[in-house]
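For reference, the structure discussed in these notes is given below.
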Amino acid sequence: MKDKIILASSALLAIGAFASLLVVSSVGSWRYFVAGGVCAAFSHAIPTPVDVVKTRQQVDPELADEHILNAARIIAKTEGLGVLWSGLGPTVWGYLMEGAVKFGVYEVLKPVIKALLSWLANVSSWGIFNSHFL
């Protein structure tokens, strides 16, 4: 029960931080979140069949010694072509969220970090902070 409370409060805190980041960001910044999410989801969806075949080769002794193309043919022949795309939904959904947060937050925070670094450079040039004291 305690773990669920901690998990729920962490999720709410993350959602709140994400929402406040969107509120204080510029008007068109939603594009960064969408673009990052779509690109990450698409780029990780493409190799899904390769991942399925690789995983099957690791767990199935009959496929272990086969070339990856031969193993894919055997899997598609015995179980159908659609099984090569198993796991596509969770993969796309997970990387959609991950890419949106990673690239969106990066693009939104770039001007904030730039302003902070400019301010620090300005402050460090004050006479109080010269090299004699640092």
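For Ser43 against Pro47, the heavy-atom pair with the smallest separation is O-CD, 3.2 Å. Nearest heavy atoms, Ser86 versus Thr48: O-CG2, 3.9 Å. The nearest pair of heavy atoms linking Ala40 to Gly99 is CB-CA, 3.7 Å. The two residues Leu88 and Ala45 have their closest heavy-atom pair at CD1-CB, 3.7 Å.
If you take OG on Ser10 and CG on Asp3, they are separated by 10.5 Å, rounding to the nearest 0.5 Å. With rounding to the nearest 0.5 angstrom, the CG atom of Leu109 is 11.0 Å from the CG atom of Leu116. Here the straight-line distance linking atom CG of Asp60 with atom CD1 of Ile75 works out to 7.5 Å at 0.5 Å rounding. Going from atom CD1 of Ile6 over to atom CG of Leu13 covers 13.0 Å, rounded to the nearest 0.5 Å. How far OG1 of Thr91 is from CG of Asp51: 7.5 Å, rounded to the nearest 0.5 Å. We find the CG-CG distance between Asn70 and Asp65 to be 11.5 Å, quoted to the nearest 0.5 Å.
By the criterion of side-chain heavy atoms lying less than 4.5 angstrom apart, applied directly or through intervening Ile, Leu, Val, Met, Phe, Trp or Tyr residues, Ile74 is grouped together with Val83 in one hydrophobic cluster. Under the 4.5 Å side-chain heavy-atom criterion for ILVMFWY residues, a single connected hydrophobic cluster contains both Phe33 and Val101.
Other residues, nucleotides and ligands place more than 12 heavy atoms under 6.0 Å from the CD atom of Gln58.
The shortest distance between side-chain heavy atoms of Trp85 and Val52 does not fall below 4.5 Å. Side-chain contact check for Pro49 versus Val53: every heavy-atom pair is 4.5 Å or farther apart. With a 4.5 Å cut-off on side-chain heavy atoms, Arg31 and Val34 do not count as touching. Val105 places none of its side-chain heavy atoms less than 4.5 Å from the side chain of Tyr32.
Pairs of residues two or more places apart, or lying in two chains, that qualify as salt bridge (Lys or Arg N to Asp or Glu O under 4.0 Å) and include a residue from residues 68-91 are Arg56-Glu79. For residues 95-116, the set of pairs meeting the side chain to side chain donor-acceptor pair (under 3.5 Å) definition, not counting sequence neighbours, comprises Glu98-Lys102, Glu107-Lys110.
Gln57 places a side-chain N or O within donor-acceptor distance of the main-chain N or O of Glu66, the cut-off being under 3.5 Å.
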**Request:** Decide side-chain contact (heavy atoms from CB on, under 4.5 Å) for Phe42 and Val92; before the verdict, give the C-alpha distance in whole Å, the side-chain angles of both, and the deciding distance to 0.1 Å.
**Result:** CA-CA 7 Å; Phe42 189 71; Val92 168; over 6 Å; no
